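Encoded as structure tokens, the structure appears first; notes follow it.
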Amino acid sequence: MKQRLGDQIQKAIETCFRTGSLDSGQLPDVHLEIPAHAEHGDFATNVAMTMAKQERKAPRKIAEALVAALGDGEGLCSKIEIAGPGFINFYLAPGCWYGVLDQVMRQGADYGKSDVGAGVPIQIEFVSANPTGPLHIGHGRGAAVGDAVASLLTAAGYDVQREYYVNDAGNQVGLLGRSIWLRLKELRGDTIDFPEDGYRGDYIKDVAASLRDDQGYGVLDLAEDESIEVCGLYGMKVLLGMIEKDLQEFGIRFDNWYSEKSLYTRDMVNTELAKLAQKGLTFKEDGALWFRTTEYGDDKDRVLIRSDGTPTYFASDVAYHMEKFERGFKKVIDVWGADHHGYVPRMKAVLKGLGHSPEDLEVLMIQMVNLLRGGEPVTMGKRSGSFVTLRDVVEEVGKDACRFFFLMRRADSQLDFDLALAKEQSNDNPVYYVQYAHARICSINRNAADAGLEPPVTGKVDVSKLVLDEELDLAKQLQRYPESVVGAAQALEPHRIIYYLQELATQFHSYYNRQRVMTEDLETSKARLYLVNAVRTVLENALLLLGLNAPERM
RNA sequence: GGCCCCGUAGCUCAGCUGGAUAGAGCAACCGCCUCCUAAGCGGUAGGCCGGGCGUUCGAAUCGCCCCGGGGCCGCCA
């Protein structure tokens with residue numbers, strides 16, 4: 001619709017150049033927008049204003065010439081007017097809008113999908129929590145956002161892979177092993193001295209108990225180092241399994257679980273570091289190997305190999321990211337907690353150093369979640385291990401409410417998550433508000449079916465029966481959905497779809513309260529049924545896109 | 001000290017990559033169920049868009065400075 005109107009405007013400008021009513025000959029970018037106020041039409045363009053300089057004419061004069069050349073835009077427009085400093089406002093003929101209903105009904109679950117991504121392979125890596133404990137609430141937000149962004153990109157036609165990077169190679173593995181090993185000894189009756197930096201959560205005791213049940217205390221007979229290693233590997237397996245299960249119950253599945261350790265076993269780290277060295281990007285100092293990231297905009301050089309010969313986390317990260325591109329991804333997205341934002345410059349520096357464009361890596365920052373209950377903060381002590389887990393929250397408020405709240409705000413702004421509100425079954429709760437709209441339409445369908453009326457089929461409906469402004473507005477809102485998806489995908493901003501959903505639900509609820517779908521007039525009933533089923537389809541598509549359910553009853 | 005994010009209604013936040021009279025939800029107040037689900041709807045009230053300067057036809061939006069809140073600056077992961 002927008003596209004067609006834009007083409008008409010382009011043609012009008014060319015016509016003006018031909019007839020001489022405009023003479024600069026420069027074709028401007030025509031920008032069409034949906035005005036904030038309905039009195040300003042369905043679409044508006046500022047093109048007359050942007051052309052003012054090159055034409056050396058008053059914007060309104062230019063607008064007049066354009067409008068004259070435009071006519072009614074080949075039947076597209078019912079009214080065109082010039083307003084304000086030189087805006088051209090377009091009012092589209094109602095028939096234009098009702099076409100969208102057929103489109104929605106024909107495409108069904110595909111309505112909203114597009115191919116702007118042209119199958120470009122993109123990888124999005126998210127969650128990637130260390131397998132040293134259960135997922136907490138912050139991981140949950142990253143999970144919900146990462147998953148939704150992946151779905152958005154898929155809907156926009158990109159070829160998306162979801163990946164989880166498993167940090168199974170650092171010091172924390174040893175620390176995990178030691179923590180479990182000590183708890184195991186404790187279970188056996190030994191007195192232990194638990195280190196300050198150990199993993200103190202109770203889940204460690206559970207892991208130790210499970211290890212004992214599986215294998216007895218035999219592990220403790222091994223040499224200490226070996227014993228700790230066995231404990232660590234065991235713990236990681238158990239905890240990673242727990243994480244995967246938590247994510248699954250949260251509705252998230254990864255295409256690939258990528259082991260950090262495998263970077264070493266395949267010698268990828270050395271290979272990539274050698275490439276850096278070859279390009280003269282590394283140097284030795286104080287016995288350590290450094291990456292000259294300052295060369296590419298970082299404020300400090302970074303250590304790759306410590307003076308004791310062990311690689312840093314950064315070293316494997318370099319190898320990991322380089323390999324992502326070697327695997328063929330054109331674009332790579334990382335979803336990180338905001339506390340890691342300091343790592344962005346150095347990762348971008350790595351890309352630049354190895355000849356990639358820094359824009360090929362996009363880092364999505366996930367800000368903190370403030371957990372509240374009835375307005376009061378829920379205290380979380382990470383040190384004591386008493387943080388709130390994702391599992392706890394999902395169990396308490398449900399998957400849908402949880403995901404919805406995580407997606408409700410821009411990812412880079414802090415989020416207040418009120419458990420009491422998320423659980424509440426009232427109109428204060430935005431999750432139910434949207435889902436209820438869907439359930440209501442299903443209910444209408446059930447009633448219609450009882451009256452012998454099935455949801456109407458495209459082509460057998462007289463949409464001219466839809467004469468109300470509210471009906472036209474609903475059609476307009478449905479028409480915006482595909483571009484909302486594309487916009488949200490390209491900006492990596494799933495919250496836009498939440499807002500879209502809330503608006504659509506509001507419009508529907510209002511319509512529902514004011515008008516009856518099932519009326520005395522059969523043709524009107526069919527037309528309205530057709531309309532609300534198009535609404536239902538879009539509600540469902542958008543809900544599913546965000547990993548939320550579209551319930552038929554509530 | 002350096003860098004990042006944030007500052008919009010009493011509260012929580014949108015504001016589509018510069019547009020027209022700045023929006024929504026909650027809270028407050030007033031209304032609506034013999035009617036397809038009241039988990040709903042309608043209405044009222046509420047604003048120096050933190051402040052200043054600049055860029056231009058036009059700024060909540062872009063740039064610089066200041067104020068305020070949060071975060072990050074390891075040979076930790």
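From a predicted model like this one, the values you see are computed outputs, not experimental measurements. Lettering of chains follows the sequences in order, A, B, ..., and the numbering in each one begins at 1. Values below: every heavy atom of this structure, side chains too, minus hydrogens, waters and symmetry copies.
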Give one of base, sugar-phosphate or nothing for [X], where a contact means two heavy atoms less than 4.0 Å apart.
{"X": "A:Gln515", "answer": "base"}
{"X": "A:Gly487", "answer": "nothing"}
{"X": "A:Ala491", "answer": "nothing"}
{"X": "A:Ala448", "answer": "nothing"}
{"X": "A:Ala451", "answer": "nothing"}
{"X": "A:Tyr499", "answer": "sugar-phosphate"}
{"X": "A:Ile305", "answer": "nothing"}
{"X": "A:His340", "answer": "base"}

Take the protein atom [atom1] of [X] and the nucleotide atom [atom2] of [N], then report the distance between them rounded to whole Å.
{"X": "A:Leu421", "N": "B:C26", "atom1": "CG", "atom2": "C1'", "value": "8 Å"}
{"X": "A:Met368", "N": "B:U12", "atom1": "CE", "atom2": "C1'", "value": "16 Å"}
{"X": "A:Arg516", "N": "B:C33", "atom1": "CZ", "atom2": "C1'", "value": "13 Å"}

Looking at residues at least two apart in the chain, or sitting in another chain, which of them share a ring-ring contact (aromatic ring centres under 6.0 Å, His included) with [X]?
{"X": "A:His31", "value": "none"}
{"X": "A:Phe404", "value": "none"}
{"X": "A:Tyr500", "value": "A:Tyr481"}

Options [options], nucleotide nearest the side-chain atoms of [X]:
{"X": "A:Arg440", "options": "B:A38, B:A39, B:C75", "result": "B:A38"}
{"X": "A:Arg302", "options": "B:G74, B:A20, B:G23", "result": "B:G74"}
{"X": "A:Glu33", "options": "B:C3, B:G19, B:C75", "result": "B:G19"}
{"X": "A:Tyr433", "options": "B:C41, B:G42, B:G70", "result": "B:C41"}
{"X": "A:Asp412", "options": "B:C5, B:C16, B:G70", "result": "B:C5"}
{"X": "A:His509", "options": "B:G15, B:C41, B:C57", "result": "B:C41"}
{"X": "A:Glu39", "options": "B:C75, B:U21, B:G71", "result": "B:U21"}

salt_bridge(A:Arg410, A:Asp412) N-O dist < 4.0 Å: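 Yes.
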
Ion pair check, A:Arg536 and A:Glu540, cut-off under 4.0 Å: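 Result for this pair is yes, salt bridge flagged.
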
Salt bridge (charged side-chain N to carboxylate O under 4.0 Å, His left out) contacts touching residues 507-521 of chain A (sequence neighbours left out):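 Only A:Glu470-A:Arg514 qualify under salt bridge (charged side-chain N to carboxylate O under 4.0 Å, His left out).
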
Residue whose closest nucleotide on RNA chain B lies nearer the 5' end, A:Ala505 versus A:Ser443: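 Checking each residue's closest nucleotide, the 5'-ward one belongs to A:Ser443.
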
Residue met sooner reading RNA chain B from 5', once A:Ile88 and A:Asn171 are mapped to nucleotides: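 Mapping each residue to its closest nucleotide by heavy atoms, the 5'-most match is A:Ile88.
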
Contacts of A:Glu523 that satisfy salt bridge (charged side-chain N to carboxylate O under 4.0 Å, His left out) - sequence neighbours left out: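 Partners of A:Glu523 under the salt bridge (charged side-chain N to carboxylate O under 4.0 Å, His left out) test: A:Lys526.
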
More than 12 heavy atoms of other groups within 6.0 Å of A:Asp469 CG: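 No, the 6.0 Å shell around CG holds no more than 12 heavy atoms from other groups.
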
Ring-base stacking, A:His37 with B:A20 (5.5 Å, 30° cut-offs):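 According to the criterion (under 5.5 Å, under 30°), no, A:His37 does not stack.
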
Establish whether the base of [N] is bridged to the side chain of [X] by a donor-acceptor pair shorter than 3.5 Å.
{"X": "A:Asn46", "N": "B:G19", "result": "yes"}
{"X": "A:Tyr343", "N": "B:C76", "result": "yes"}
{"X": "A:Ser307", "N": "B:C75", "result": "yes"}

Structure string for RNA chain B in dot-bracket form, Watson-Crick and G-U at under 3.5 Å, | interchain: (((((.(..((((.....[...)))).(((((.......))))).....(((((..]....)))))).)))))....

